[in-house]
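Structure first, commentary second.
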Amino acid sequence: MDQRYDPQTIEPKWQQVWEKTRAFCADADASREKYYLLEMFPYPSGRIHIGHVRNYTIGDVVARYKRMCGYNVLHPMGWDAFGMPAENAAIANKTHPAQWTWDNIAAMRKQLKRLGLSYDWERELATCDPKYYKWEQWLFIRMYEKGMVYRKESLVNWCETCSTVLANEQVENGECWRCGRPVKQKKLWGWFFKITDYADDLLEYCEKLPGWPEKVLTMQKNWIGKSTGAEIRFPVSGKDEVINVFTTRPDTIYGATYMVLAPEHPLVRTLSRGTGQQEAVDAFVDRMAAESRTDRMLEAKEKEGVFLGAWCTNPVTGTQIPVYTANFALMGYGTGAVMSVPAHDQRDYEFAKKYGIDIIVVIKPEELSVEETAATQAYTGDGAMVNSGPFDGMHNRKAYEDLIAYFEKHGLGKRSISYRIRDWGISRQRYWGAPVPMIHCDTCGIVPVKDADLPVVLPENVDLLDGGGSPLASHQAFVNVTCPKCGAAARRETDTMDTFVESSWYFERYCSPHCDTAMFDKKEVAYWMPVDQYIGGVEHAVMHLLYSRYFTRVLKDMGLVDFKEPFTRLLTQGMVCKETQHCPEHGFLYPEEAGARGESVFCKKCGQPVEVGRVEKMSKSKKNIIDPNELVARYGADTVRLFCLFAAPPERDLEWSEQGVEGGFRFLNRIWRLASAWMVRFRQTRAFTDAPDDLDEKIRPLYIKTHQTIKKVTDDIEARFHFNTAISAVMELVNAMYQAETRGISPETADDTAAAVMRGAMETALLLLAPVVPHFTEELWAAIGYEPGSMANQSWPAWRTDALSADTRVIVVQVNGKLRAKFEINAEADDETLKARALEDENVTRFIADKPVKKVITVKHKLVNIVV
RNA sequence: GCCUGGGUGGCGGAACAGGUAGACGCAAGGGACUUAAAAUCCCUUGGGGCAUAGUCCCCGUACGAGUUCGAUUCUCGUCCCAGGCACCA
């Protein structure tokens with residue numbers, strides 16, 4: 001074997017071998033237990049960044065580990081290939097989005113392959129491929145037929161200059177993220193998926209996903225936002241109208257002293273018409289409409305409203321209460337109307353104080369008088385009912401139930417549940433997305449495209465508008481069609497789908513990516529799904545993961561799959577961070593633009609001192625980025641992988657450190673040197689695998705350490721994917737091999753048994769590291785004499801229980817819980833022996849002095865605590 | 001404001017179930033090898049104390065209490081940091 005570790009020659013060599021032998025291609029095999037490991041597929045931006053490297057390395061280690069454990073592993077990779085950046089780049093570079101995307105895919109595929117990731121590349125897919133989105137369109141039509149999709153007009157963020165809809169996160173301080181112009185609210189027709197139908201089920205199953213991080217489940221629960229309460233009818237005074245409110249606190253209804261309607265509520269204009277307030281109300285409503293959603297949120301702190309000039313009747317008290325419209329009432333939640341109880345809701349309280357509205361306490365806490373209860377702020381806790389007619393004295397929780405029963409009996413209202421989650425608006429007025437497969441006919445209305453005509457292919461010969469609007473609407477050949485029903489001239493739908501639709505089922509497509517008769521082969525999906533382990537960033541905690549859970553339910557209801565939850569276990573890995581460097585003259589600097597001068601850092605352009613900022617997520621704008629390509633070129637893929645895993649546990653943020661990477665590289669070299677030095681001896685022997693009993697004292701500890709390491713590494717990976725401690729353990733094993741050398745076990749002098757134990761330790765280290773540094777271990781595995789290329793399919797090592805523990809133990813002696821002495825003793829020693837031995841210790845007797853010993857606690861194999 | 005995490009050496013991070021706090025790595029210092037340097041190998045490294053320099057003592061896991069023979073770990077309170085939600089009736 002080569003004297004020098006040279007990753008640049010060995011890594012491409014093994015990558016070619018794996019590709020040639022189809023080492024990681026998976027086939028369904030009912031006789032074998034499957035393991036589906038998936039990392040969130042990337043958007044093909046053109047280059048992979050270090051966050052990808054971390055994500056995919058974590059996944060690759062698990063995939064390789066499970067393969068070694070004997071599972072039939074599915075580990076696919078593909079491309080989330082639709083989306084706006086392709087359009088923007090295409091306009092900027094005068095290329096076509098498709099060209100740009102496919103070029104990027106090619107470049108990134110090459111980068112991923114250079115990392116030695118064990119993907120089944122034969123299953124690669126790209127969502128912009130008509131063969132892929134054909135089935136999405138097919139499903140859309142099935143969902144439409146079942147009433148799971150509908151079209152409605154709704155308010156959206158609209159940028160006039162770009163003539164497009166913007167997602168909430170593309171609106172920055174009320175301005176368009178791209179052109180900086182103010183964003184308006186506009187009513188627009190669009191397609192919606194009825195995700196709200198599944199709100200309850202999605203929520204309920206949050207409790208049935210033990211393999212998911214608590215954090216993610218909490219975020220999803222909050223997003224769904226289920227509230228239970230009642231819907232109550234408030235008749236409008238002197239008119240035939242009724243205001244319906246949703247409240248979570250029907251028990252406070254006796255304290256409802258006014259009513260608030262959202263500015264968009266249809267009754268706002270109706271009720272104010274003809275009153276003296278009409279003008280003021282119209283002005284207020286118009287002002288609210290002109291303000292963007294973001295503006296309204298920014299100034300949200302100040303509550304503001306207008307009296308409508310109308311009253312309604314509190315159905316339980318019969319009192320006339322004023323009706324207002326106010327900025328804090330939202331049309332999209334509940335019924336868009338609020339029964340305001342200022343004594344028991346802080347927001348209502350503030351509004352009532354501002355506008356001088358009555359505050360009536362109806363729930364009294366034990367420790368306060370009625371007068372004190374809402375003196376300075378609303379009281380939202382429990383207590384006894386007061387000012388509530390027949391309910392006085394009752395506990396409010398009981399009154400809650402009784403009141404709902406009372407409403408239902410008298411037709412005043414009913415029990416009700418409200419959700420924060422809205423239906424999923426999937427329409428985008430964009431070009432680079434999957435076309436919605438619908439046709440608008442003047443006589444037949446909306447008609448789905450015939451299955452035989454799928455896919456509705458995105459036309460390639462389009463003029464992308466510099467403004468960013470959809471070019472499909474003006475593409476005559478695309479728009480003009482005949483109605484599938486009546487044959488008359490009709491117009492094709494020009495909206496494309498949100499890219500989250502593609503990513504909501506790609507994991508099922510991977511099971512049979514080339515299937516051209518269905519979305520996927522049911523049998524294949526039945527074998528592989530659900531995904532056993534999903535890995536990706538927390539940024540997808542709600543949207544992508546919730547949509548995927550929803551889509552899986554839709555597929556189940558259509559009989560296409562027989563499970564509800566697509567991802568059994570989820571790991572959300574932390575971000576990769578690095579400190580920022582800021583030059584007063586040149587702004588943020590890339591790492592290579594700054595130089596070190598002793599303790600301080602200076603700018604290479606102007607020589608001025610650089611301000612080293614805090615450690616933040618790597619981002620282009622802050623220039624605190626590291627290029628994976630350069631790293632791989634300098635250290636090789638294995639070192640980069642090793643560092644990504646060693647620096648922090650996967651779920652935590654990782655702080656990038658160049659020295660840390662060096663350390664990883666040094667560790668591999670350390671193994672390499674040891675292996676070279678012993679290689680001749682290794683080839684003459686076999687790994688020692690017997691019971692440790694007859695090993696002499698010089699070599700025995702290494703054998704014990706070897707088996708302890710197997711157990712430790714296995715436990716660390718199995719329990720929590722803590723690769724950092726697993727790698728530490730292997731480092732300790734390697735250190736132990738070096739220590740054996742310093743104790744006189746050298747390649748030249750070691751006897752055959754010692755060489756065999758040494759070889760066993762080396763083989764173990766290689767096996768345990770195989771998932772982490774696959775090229776490195778493959779090379780050394782072959783050098784020892786095993787079949788070249790066989791490392792990837794080796795079995796994960798097992799530990800011998802009889803080789804796990806030394807036969808002596810170090811026992812800690814405490815006096816009153818403080819460490820006072822240690823001694824080594826035979827592991828079998830009983831409590832009495834331990835106690836006697838502890839009391840012999842000079843330091844211990846010194847601390848006991850003449851105080852009486854009250855109690856002695858002994859813990860087997862661990863400690864003796866003497867209480868005096 | 002609410003909900004989740006999290007505060008451990010100069011740094012990244014260990015400590016499985018309440019039982020030796022600081023594994024492993026980085027950085028730093030010392031030594032060996034070398035004509036020299038790099039690389040490598042070995043040793044030291046939380047803070048403080050000492051008439052006895054030790055198998056020594058005191059302090060120490062954000063802060064303050066508590067439970068316990070014993071707390072980084074469990075309970076209560078306080079402060080700080082990160083992420084999520086943010087007028088949701």
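Throughout, a chain's letter reflects where its sequence line sits, starting with A, and its residues are numbered from 1. Quick caveat, the model's predicted, so the values are computed rather than measured.
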### Value in whole Å for how far the C1' atom of B:rG83 lies from CG of A:Asp653
9 Å
### Query
Looking only at atom C1', what distance separates B:rA62 and B:rC79, rounded to whole Å?
8 Å
### Query
From the list B:rG19, B:rU40, B:rC56, which nucleotide is the closest neighbour of the side chain of A:Arg846?
B:rC56
### Query
How many Å lie between CZ on A:Phe246 and P on B:rA89, as a whole number?
7 Å
### Query
From the list B:rC69, B:rA14, B:rC88, which nucleotide is the closest neighbour of the side chain of A:Arg420?
B:rC88
### Task
Answer whether the closest heavy-atom distance between the side chains of A:Phe246 and A:Ile232 falls below 4.5 Å.
no
### Task
Assign A:Arg4 to base, sugar-phosphate, or nothing according to its heavy-atom contacts below 4.0 angstrom with the strands shown.
nothing
### Task
Describe the nucleic acid contact of A:Phe665 in one word from base, sugar-phosphate, nothing, applying a heavy-atom distance below 4.0 Å.
nothing
### Query
Is it the case that A:Arg670 and A:Asn735 place a side-chain donor and acceptor less than 3.5 Å from each other?
yes
#### Entry: Pairwise P distance, B:rC33 and B:rA51 [rounded to whole Å]
37 Å
### Query
When you check every protein heavy atom under 4.0 Å of nucleotides 20-28 of chain B, what one-letter string (B, S, -) results, 5' to 3'?
B--BBSSS-
### Task
Can you figure out which of B:rA89, B:rC87, B:rC58 approaches the side chain of A:Tyr333 most closely?
B:rA89
### Query
Side chains of A:Lys226 and A:Asp200: closer than 4.5 Å at any heavy-atom pair?
yes
### Query
In whole Å, what separates the C1' atom of B:rA53 from that of B:rG70?
29 Å
### A:Lys221 NZ - B:rC2 P separation (whole Å)
19 Å
### Task
Nearest whole angstrom, please: distance from the P of B:rC87 to the CD of A:Glu350.
13 Å
#### Entry: Check: B:rA89 base within 3.5 Å donor-acceptor of A:Arg249 side chain
no
### Task
Indicate, with a heavy-atom threshold strictly under 4.0 Å, whether A:Asn843 touches base, sugar-phosphate, or nothing.
sugar-phosphate
### Nearest-angstrom distance, C1' atom, B:rG31 to B:rG22
25 Å
### In B:rG25, glycosidic geometry as syn within 90° of 0 or anti otherwise
anti
### Query
So which nucleotide does B:rA28 pair with, by the Watson-Crick or G-U wobble rule with both distances under 3.5 Å?
B:rU44
### Message
Between B:rG12 and B:rA23, how many Å separate the two C1' atoms, rounded to a whole number?
### Response
13 Å
#### Entry: A:Arg420: side-chain hydrogen bond (donor to acceptor under 3.5 Å, both in side chains) partners, not counting sequence neighbours
none
### Summary
Rounded to whole Å, CZ of A:Arg673 lies from C1' of B:rC33 at a distance of 14 Å
### Task
Round to a whole Å and report the spacing from CD of A:Glu214 to P of B:rG83.
20 Å
### Query
What's the closest nucleotide to the A:Thr218 side chain, out of B:rG19, B:rC87, B:rC3?
B:rC3
#### Entry: Sub-4.5 Å side-chain heavy-atom contact between A:Phe721 and A:Pro649
no
### Message
Rounding to an integer number of Å, can you tell me how far A:Lys818 NZ sits from B:rU55 P?
### Response
21 Å
### Task
For B:rA15 versus B:rG9, give the span between their C1' atoms, rounded off to a whole number of Å.
15 Å
## Note on the structure
salt bridge (charged side-chain N to carboxylate O under 4.0 Å, His left out) filter on A:Lys835, not counting sequence neighbours, yields none
### Task
Please check if the distance between the ring centroids of A:Phe351 and A:Tyr324 is under 6.0 Å.
yes
## Note on the structure
Whichever of A:Thr335 and A:Ala647 has the more 5' nearest nucleotide on RNA chain B, that residue is A:Ala647
### Note: A:Asp345-A:Arg249 ion pair, threshold 4.0 Å (strictly below)
no
